[in-house]
**Q** 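Structure provided below as structure tokens; questions to follow.
In each ligand, atom 1 is the first atom listed, and ligand 1 is the first ligand listed. Everything numeric in this text was worked out from a predicted model, so none of it was measured.
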Amino acid sequence: MTVCEYKPGLEGIPAAQSSISYVDGQKGVLEYRGIRIEELAGKSTFLETAYLLIWGKLPTKEELVDFEKEIASHRRIKYRIRDMMKCFPESGHPMDALQASAAALGLFYSRRDLHNPVYIRDAVVRLIATIPTMVAAFQLMRKGNDPVKPRDDLNYAANFLYMLNEKEPDPLAARIFDICLILHVEHTMNASTFSARVTASTLTDPYAVVASAVGTLGGPLHGGANEEVIQMLEEIDSVDNVAPYLEDRLQKKAKIMGFGHRVYKVKDPRATILQDLALQLFDKFGSDKYYAIAQEVERIMTEKVGNKGIYPNVDFYSGLVYRKMGIPTDLFTPVFAIARVAGWLAHWKEQLEENRIFRPTQVYNGLHGIAYTAIDQR
Ligand code: SDX
């Protein structure tokens, strides 16, 4: 066997063959099954895009209606899951609550019939349908309220905002939220998707696959950055403070949240669309003082580190969009997970089609032949 050079973070090493999505990081292009995200964001819906990613083709009208109906009829969560979530500490992070709840779902459906397309479809529908209900339920229960029941007459995005805010959302906000889900649903071999594929490769159940991916998404170097961006903007607090703040952080070699990407060396195309969505919301519902601060951060970062290929990523403007919809800061990453679950499931399905367990190697840099030292001689 040829020994490859060790690459920290597996940079540039292909971990799978995949036809689900494609990124050109130099040109700022992202495609799902060959279709540009700009086109999907303008014309598709989250559930149609999820179908495209998972089953590899755009659904016919009948297929889409069936899929939407199936999702709508599986939105409720079991009372035992809800009761379990009630016992979670309200100070706990909603990503931890989501990870535990997604894993707990597997307790009810532990049969692993991985070669059966009906089992696969049921798991896909159940996970896509219930994850938003879990996120909204934890939010209401930690405030001491009962969760709101899902509404079958509302579409996927509108129903989530309804369950979260306990009132029917404005149609523009609901459409923009749906576009956000499209933008976050899939992104090649990112860390959480890799985690999902590694877990899938052991032939465990899809609930464990999603739970492991949720755990991976939560970190601040990955999906958790969207929450930290808003905290950073709040800390900066005024446009005048941006330059000294960035100067100080960059000098200390600290990372500026929402900037940089392993693959993109230009502005993330999703950040451009999210910025535009934020402006649409500000037009209708009033501006946000943090937007001017964010623009100044982008301007100065481009001046200082743009030449190193460091530009805004998907997490930089998403929080400003979610804030306008009344979504609390610590729910930004669970919202990312609501979308990304469909991408993880597309990779789960693809992994099963040509599975081989992930078992890479390591470069051992420890010692050999060391004698055991008795405890009283150490
Ligand atoms: C997501 O992979 C995906 O596709 C992920 C994602 C998806 O949809 O799934 O796109 C979602 O996770 C977006 C990324 C969210 N994370 C952040 O915003 C956190 C801040 N960004 C970084 O920590 C960083 O840019 C990463 C984690 C995104 C990428 O890390 P890499 O590829 O390992 O890059 P690196 O840390 O090795 O940095 C390379 C250089 C360094 O400078 P030098 O030492 O070479 O001089 O770039 C600098 C870094 O210091 N750098 C930054 C920076 N990001 C990189 N400097 C300041 N601020 C930053 N944010």
**Q** With a cut-off of 4.0 Å, which atoms of ligand 1 are near a heavy atom of Ile310?
**A** 47 (O), 48 (C), 51 (N), 52 (C), 55 (C), 56 (N)
**Q** Students should be able to answer this: which protein heavy-atom is nearest to atom 7 (C) of ligand 1, and at what distance?
**A** Arg340 NH2, 3.5 Å
**Q** For atom 26 (C) of ligand 1, is the nearest protein heavy atom under 4.0 Å away?
**A** no
**Q** Classify the contact between Glu11 and ligand 1 as side chain, backbone, both or neither, using a heavy-atom distance cut-off of under 4.0 Å.
**A** neither
**Q** Taking NZ, NE, NH1 and NH2 as the nitrogens, is one of them in Asp83 or Lys78 under 4.0 Å from a carboxylate oxygen of the other?
**A** no
**Q** When you measure from atom 28 (C) of ligand 1 to every protein heavy atom, which one gives the shortest distance, and what is it?
**A** Gly260 O, 3.6 Å
**Q** With the threshold set strictly below 4.0 angstrom, can you tell me whether any protein non-hydrogen atom sits that near atom 39 (C) of ligand 1?
**A** no
**Q** Name the orientation class of the two ring planes belonging to Tyr264 and His187 (parallel below 30°, tilted from 30 to 60°, perpendicular beyond 60°).
**A** tilted
**Q** If the contact criterion is a heavy-atom separation under 4.0 Å, does Pro220 count as touching ligand 1?
**A** yes
**Q** Take Asn190 and Arg340, measure what side-chain hydrogen bond (donor to acceptor under 3.5 Å, both in side chains) needs, and give me the verdict at the end.
**A** CA-CA 11 Å; Asn190 59 87; Arg340 189 55 63 86; 3.3 Å; yes
**Q** Among protein heavy atoms, which lies nearest atom 58 (N) of ligand 1, and at what distance?
**A** Ile256 N, 2.9 Å
**Q** Indicate whether atom 45 (O) of ligand 1 is within a distance of less than 4.0 angstrom of some protein heavy atom.
**A** no
**Q** Taking distance alone, with no angle check, do Lys255 and ligand 1 share an N/O pair under 3.5 Å?
**A** yes
**Q** Between ligand 1 and Glu228, can you find any atom pair, the residue atom being a heavy atom, that is separated by under 4.0 Å?
**A** no
**Q** Heavy atoms only: which of Phe316, Tyr264, Phe259 is nearest to atom 60 (N) of ligand 1?
**A** Phe259
**Q** Applying a heavy-atom cut-off of 4.0 Å, say which part of Asp315 lies close to ligand 1: side chain, backbone, both or neither.
**A** side chain
**Q** Less than 3.5 Å apart, any donor N or O on the side chain of Thr49 or Ser44 sitting next to an acceptor on the other?
**A** yes
**Q** Does a side chain donor of either Glu350 or Ser18 reach within less than 3.5 Å of an acceptor in the other side chain?
**A** yes
**Q** What is the closest protein heavy atom to atom 6 (C) of ligand 1, and at what distance does it sit?
**A** His261 NE2, 3.7 Å
**Q** At what distance is the nearest protein heavy atom to atom 2 (O) of ligand 1, and which residue and atom is it?
**A** Asn190 CB, 3.5 Å
**Q** Would Arg197 pass as a cation-pi partner of Trp344, given that its NZ or CZ must be under 6.0 Å from the six-membered ring centre and within 45 degrees of the axis?
**A** no
**Q** Go through Leu107 and Tyr207 one step at a time and tell me if the side chain to side chain contact (heavy atoms under 4.5 Å, CB included) criterion holds.
**A** CA-CA 9 Å; Leu107 290 162; Tyr207 307 97; over 6 Å; no
**Q** Look at ligand 1 and say whether Gly258 reaches it with a heavy atom at a distance under 4.0 Å.
**A** yes
**Q** Does the protein put a heavy atom under 4.0 Å from atom 34 (O) of ligand 1?
**A** no
**Q** Can you tell me if Asp240 and Ser238 form a side-chain donor-acceptor pair at under 3.5 Å?
**A** no
**Q** State, without any angle test, whether Ser73 and Asp152 hold a side-chain donor-acceptor pair at a distance under 3.5 Å.
**A** no
**Q** Can a cation-pi geometry be assigned to Arg378 and Tyr372, taking NZ or CZ under 6.0 Å from the six-membered ring centre and within 45° of the ring axis?
**A** yes
**Q** Is Glu186 in contact with ligand 1, taking contact as a heavy-atom separation below 4.0 Å?
**A** no
**Q** Measuring from non-hydrogen atoms of Val305 to any atom of ligand 1, is the shortest distance under 4.0 Å?
**A** no
**Q** Which of the numbered atoms in ligand 1 are below 4.0 angstrom from a heavy atom of Met257?
**A** 18 (O), 19 (C)
**Q** Parallel under 30°, tilted from 30 to 60°, perpendicular over 60°: which one fits the rings of Tyr317 and Tyr291?
**A** tilted
**Q** Is His222 reaching over with its side chain to a backbone N or O of Ser192, donor-acceptor style, under 3.5 angstrom?
**A** yes
**Q** May I ask you to check whether Phe194 and Phe358 place their ring centers less than 6.0 Å from one another?
**A** yes
**Q** Please check whether His187 reaches ligand 1 - meaning an N/O of the residue sits under 3.5 Å from an N/O of the ligand, judged on distance alone.
**A** yes
**Q** Quick one: do the Gln280 and Lys324 side chains pair a donor with an acceptor below 3.5 Å?
**A** no
**Q** Would Leu221 count as a polar contact of ligand 1, with the cut-off being nitrogen or oxygen pairs under 3.5 Å?
**A** yes
**Q** Mark whether atom 20 (C) of ligand 1 lies under 4.0 angstrom from at least one protein heavy atom.
**A** yes
**Q** If the cut-off is 4.0 Å to any non-hydrogen atom of Ala225, which atoms of ligand 1 fall inside it?
**A** 15 (C), 16 (N), 17 (C), 18 (O)
**Q** Could you work out, for atom 31 (P) of ligand 1, the closest of Arg270, Lys308, His222, Arg262 by heavy-atom distance?
**A** Arg262
**Q** Test of understanding: given a 4.0 Å heavy-atom threshold, classify the contact between Asn313 and ligand 1 as side chain, backbone, both, or neither.
**A** side chain
**Q** Looking only at the aromatic ring of each residue, does the gap between the centers of Phe259 and Phe316 stay below 6.0 angstrom?
**A** yes
